[in-house]
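All remarks here apply to the structure that follows.
Count residues from 1 along the sequence.
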Amino acid sequence: MKIAELVRPGAIEFRDVEEPRPGPGELVIRVHATLTCGTDLKTFDRGHPRLPMPLALGHETSGTIAAVGEGVTRFREGDDVACVPTAPCGGCRLCRRGRESLCAQAVGRFMMGAFAEYVRVPAHIVRDNVFLRPRHLAAHEAAALEPLSCVVHGSRRIHLENAETVVIIGDGAIALLFAQVARLQSPGRILLAGKHDTRLDVAKRLGFGSVVNTSHAGLQDTVREWTGGQGADIVVECVGRPDVWEAAASVAGPGGEVLMFGGCASNTQATFDTSRIHYDEIDIKGAFHYGRADVRDAWALLRDRHVDVGPLITHALPLSNLLDAFELARSRAAIKVAVAP
Ligand SMILES: [Zn+2]
Ligand SMILES: [Zn+2]
């Protein structure tokens, strides 16, 4: 089969390799669709500090089970499934404290290589994080389970249920997913603040009325006006730049919560006005990855169509055009690209 490998930053090579075979407890999936993701793009551009090259990319995937490993009873050959690329151990100190997203196994044993015809799903993922895909959910939509799991996890870190004003900063897939989850959980108003009109149009198509391009109108002024001078109850940063982190904190109102969802480049710093954190009791939190309950809830949102990922997957390309898929995503012309072998 063909597999796409990153041989050095910016260079992908297609290699012929043997089709994977499942070990005990494992599955092999014939890939229908794998989505591009910000992590792939960053890795493509600069490599990954923890993952040596040549590196097979692709981790947001869904397909049909081609082979079932010894001891797997929940799945059969021919089942349509979706999965996320990690699972926590469930037993370490962090897992026991309910912090599965921080489990060393979750991030340390990442399933990659789904930009390929077949991908092998390790046993620890098969055990908890593989789901049968119903007919009404398209394969490329089911492949969005991973980013939605991250978003569900992030939503658990804040109190959307009593927020009257929620500001989402960003217009990528994460921002558009977060806005949809916030709409389900919060009785309040939601403002989406991005920089790309084509992406903000998708937000409008998803039914969001308050959508603003902050390259024209500044973020501070926009939020001040939109909240009647109060500042926002909740601010979610979905960009991942220190200057945007700082801007996010600055537009929260007294008692506000700020969720830093976008990861910044390593070794960067952001500064915050101490008086806002002290006198205004602004809570600043991060969110990273997901636990098993997040994945289960995300799957239910997808399956029951409470969250619509279809409009976020703006392009589809064959695997042989993977470079074009990355280019589309990088140029912001695409939000997510579904890559099919
Ligand atoms: Zn991803
Ligand atoms: Zn653990």
Side-chain angles (χ1 to χ4, degrees), residues 35-46 60 140-141 143-144 146-148 150-151 154 165-183 189-226 232 234-251 258-265 268 270 287 307-317 321-339:
L35 304 179
T36 56
C37 155
T39 307
D40 294 324
L41 270 185
K42 278 190 244 174
T43 308
F44 175 71
D45 283 341
R46 38 183 206 239
E60 298 181 6
H140 65 284
E141 295 174 317
E146 195 235 5
L148 186 58
C150 294
V151 163
T165 49
V166 180
V167 173
I168 313 274
I169 304 174
D171 50 26
I174 291 293
L176 295 167
L177 291 173
F178 216 115
Q180 293 189 66
V181 169
R183 180 161 61 185
R189 298 182 293 136
I190 296 166
L191 172 74
L192 256 129
K195 298 244 185 215
H196 308 91
D197 284 330
T198 48
R199 294 174 159 209
L200 293 169
D201 285 343
V202 174
K204 289 179 195 159
R205 240 182 294 145
L206 288 165
F208 292 96
S210 301
V211 174
V212 63
N213 187 329
T214 49
S215 356
H216 316 313
L219 178 69
Q220 262 91 356
D221 290 344
T222 302
V223 174
R224 196 177 309 124
E225 203 176 296
W226 186 72
I234 287 183
V235 183
V236 184
E237 198 275 3
C238 305
V239 175
R241 282 204 338 244
D243 59 313
V244 186
W245 278 40
E246 290 171 355
S250 76
V251 298
V258 187
L259 186 70
M260 304 306 188
F261 198 96
C264 301
T268 48
V307 167
D308 188 3
V309 296
L312 279 55
I313 303 163
T314 50
H315 296 70
L317 285 175
N321 292 25
L322 184 61
L323 273 174
D324 300 329
F326 283 159
E327 209 38 64
L328 277 168
R330 189 208 323 274
S331 70
R332 305 284 191 265
I335 298 178
K336 275 190 176 291
V337 183
V339 177

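Nearest heavy atoms, A325 versus V339: CB-CG2, 3.9 Å. Between M260 and W245, the shortest heavy-atom contact is CE-O, 3.3 Å. Scanning both residues, A270 and E246, for their nearest heavy atoms gives CA-OE2, 3.2 Å. Smallest separation of non-hydrogen atoms from A173 and K336: CB-CE, 3.7 Å. Annotation for V202 and L176: closest pair CG1-CD1, 4.1 Å, computed over non-hydrogen atoms. Across every non-hydrogen atom of G172 and I335, the tightest pair is C-CG2, 4.2 Å.
In this structure the side chain of F44 reaches within 4.5 angstrom of the side chain of L323, judged on heavy atoms. Side-chain contact check for R332 versus T198: every heavy-atom pair is 4.5 Å or farther apart. The side-chain heavy atoms of V244 and L219, taken from C-beta on, include no pair separated by under 4.5 Å. Looking at heavy atoms from C-beta onward, L191 lies in side-chain contact with T222 at the 4.5 angstrom threshold. At a threshold of 4.5 Å between non-hydrogen side-chain atoms, the residues W226 and V212 do not count as touching. Residues D197 and H216 form a side-chain contact, since some pair of their non-hydrogen atoms from C-beta on lies under 4.5 Å apart. Contact of the I234 side chain with the L259 side chain is not registered, since no non-hydrogen atoms from C-beta on lie closer than 4.5 Å.
Of the charged side-chain nitrogens involved, none lies within less than 4.0 Å of a carboxylate oxygen, so that K42 and D45 do not count as a salt-bridged pair.
In this structure a side-chain-to-backbone donor-acceptor pair under 3.5 Å is missing from T36 to F326. Although no hydrogens or angles enter the test, the distance criterion places a donor-acceptor pair under 3.5 Å between the side chain of E237 and the main chain of G262.
Counting non-hydrogen atoms of neighbouring residues, nucleotides and ligands closer than 6.0 angstrom, the CZ atom of R241 reaches no more than 12 such neighbours. Applying the 6.0 Å contact sphere to CD of Q220 captures more than 12 heavy atoms from other residues, nucleotides or ligands.
To the nearest 0.5 Å, the span separating CD1 on I169 from NZ on K195 amounts to 10.0 Å. Rounding to the nearest 0.5 angstrom, the gap separating the CG atom in N321 from the NE2 atom in H315 is 12.5 Å. Here the CG atom belonging to L200 is positioned 4.5 Å from the CG atom belonging to D171, to the nearest 0.5 angstrom. The CG atom of L41 sits 9.0 Å away from atom CD of E327, with the distance rounded to the nearest 0.5 Å. Going from atom CG of L177 over to atom CG of D308 covers 10.0 Å, rounded to the nearest 0.5 Å. If you take CG on D324 and OG on S331, they are separated by 10.5 Å, rounding to the nearest 0.5 Å.
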